[in-house]
Peer 1: 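Sharing a structure with you now.
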Amino acid sequence: MKQFKSVYVPGNHTHQASYKPLLKQVVEEIFNPEKPDPVDIEHMSSGLTDLLKTGFSMFMKVSRPHPSDHPLLILFVVGGVTVSEAKMIKDLVPSLKPGTQVIVLSTRLLKPLNIPELLFVTDRLHPDLGF
C-alpha cells in the first residue's frame, strides 16, 4: 500500500492527534471527485470489452473505470471487520455519494476482545481465537 500507511493523524498546536480508520480512508478515496485515479485501488479487467480496452491502452490513451462510477461497490476485508466499522461505512457512503450501495464482506466478524489478541499473537499465521 502506497497511500494508506497509517491510521494515526498527528495533531498540532490547535488540534489533538486523532484516529482515522483504514476503511474510512479507503471509502473517502474511492468517492473523492478530486482524485481521478486512486493509487492503491486497481481495476481488474473482466470481459471482452475490458480486455479490448486494456489491449488498446498500449496504443492510445484509454482511461480505466473509476470505482465510484458504478452504483454498487463491494469491499472485501481480509482479516476481519468490526460492527462499528461496518456501521461507519453505512453512515459515510450516503453522505459522499447518495444512491450508491456498498456491500462489506470479510473473512470474519471481529469482536472488541479479538483486536488485542490479534495484535499480540506470537504466531501471526495461526492465531487461536477459539473459533
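No hydrogens, no waters, no symmetry mates; every other heavy atom, side chains included, goes into these values. Index from 1, following the sequence.
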Peer 1: Let me confirm one number: the CG-CD distance from Leu22 to Glu85, rounded to the nearest 0.5 Å.
Peer 2: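 The CD atom of Glu85 is 8.5 Å from CG of Leu22, to the nearest 0.5 Å.
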
Peer 1: Do Leu73 and Ile103 touch side chain to side chain, with heavy atoms closer than 4.5 Å?
Peer 2: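 The answer is no, as the side chains (C-beta and beyond) never meet within the 4.5 Å cut-off.
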
Peer 1: Between His70 and Thr100, what is the shortest heavy-atom contact and its length?
Peer 2: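 Here His70 and Thr100 meet closest at O-CG2, 4.3 Å.
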
Peer 1: Can you tell me how far CG of Leu75 sits from CG of Leu105, rounded to the nearest 0.5 angstrom?
Peer 2: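 Between Leu105 CG and Leu75 CG, I get 8.5 Å after rounding to 0.5 Å.
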
Peer 1: Taking atom CG of Leu23 and atom CG of Leu92, what is their separation to the nearest 0.5 Å?
Peer 2: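 Going from the CG atom of Leu23 to the CG atom of Leu92 covers 10.0 Å.
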
Peer 1: With a 4.5 Å limit on heavy-atom distance, are the side chains of Val93 and Phe31 in contact?
Peer 2: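 They are in contact (side-chain heavy atoms under 4.5 Å apart), so the answer is yes.
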
Peer 1: Atom NE2 in His13, atom CD in Gln16: separation rounded to 0.5 Å?
Peer 2: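 Answer for the NE2-CD pair, His13 versus Gln16, is 15.0 Å.
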
Peer 1: Determine the minimum heavy-atom distance between Pro98 and Pro94, stating which atoms define it.
Peer 2: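 Scanning both residues completely, I find the closest heavy atoms to be CG-O, 3.4 Å.
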
Peer 1: Got Val27 and Leu96 here, is their nearest side-chain heavy-atom distance under 4.5 Å?
Peer 2: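 Val27 vs Leu96: side chains touch.
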
Peer 1: Would you say Ser106's side chain and Val77's backbone share a donor-acceptor pair under 3.5 angstrom?
Peer 2: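 Answer holds: yes.
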
Peer 1: Determine yes or no for a side-chain-to-main-chain donor-acceptor pair under 3.5 angstrom, with Thr107 supplying the side chain and Val78 the backbone.
Peer 2: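 No, the answer is negative, given that no donor and acceptor are paired below the 3.5 Å cut-off.
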
Peer 1: What is the distance from atom CD1 of Ile89 to atom CG of Asp91, rounded to the nearest 0.5 Å?
Peer 2: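 CG of Asp91 is found 10.5 Å from CD1 of Ile89.
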
Peer 1: How about Gln25 and Val7: do any of their side-chain heavy atoms sit closer than 4.5 Å?
Peer 2: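 Heavy-atom side-chain distance check passes, below 4.5 Å.
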
Peer 1: Are the side chain of Gln101 and the backbone of Pro71 linked by a donor-acceptor contact shorter than 3.5 Å?
Peer 2: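 Between the backbone of Pro71 and the side chain of Gln101 there is no qualifying donor-acceptor contact (under 3.5 Å).
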
Peer 1: Can you tell me how far the CD atom of Glu29 sits from the NZ atom of Lys24, to the nearest 0.5 Å?
Peer 2: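 It comes to 14.5 Å.
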
Peer 1: Are side-chain heavy atoms of Val102 and Lys90 found at a separation under 4.5 Å?
Peer 2: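 No, every pair of side-chain atoms sits at 4.5 Å or beyond.
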
Peer 1: If every non-hydrogen atom of Arg108 is compared with every non-hydrogen atom of Gly79, which pair is closest and at what distance?
Peer 2: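 Residues Arg108 and Gly79, closest heavy atoms: CG-O, 3.9 Å.
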
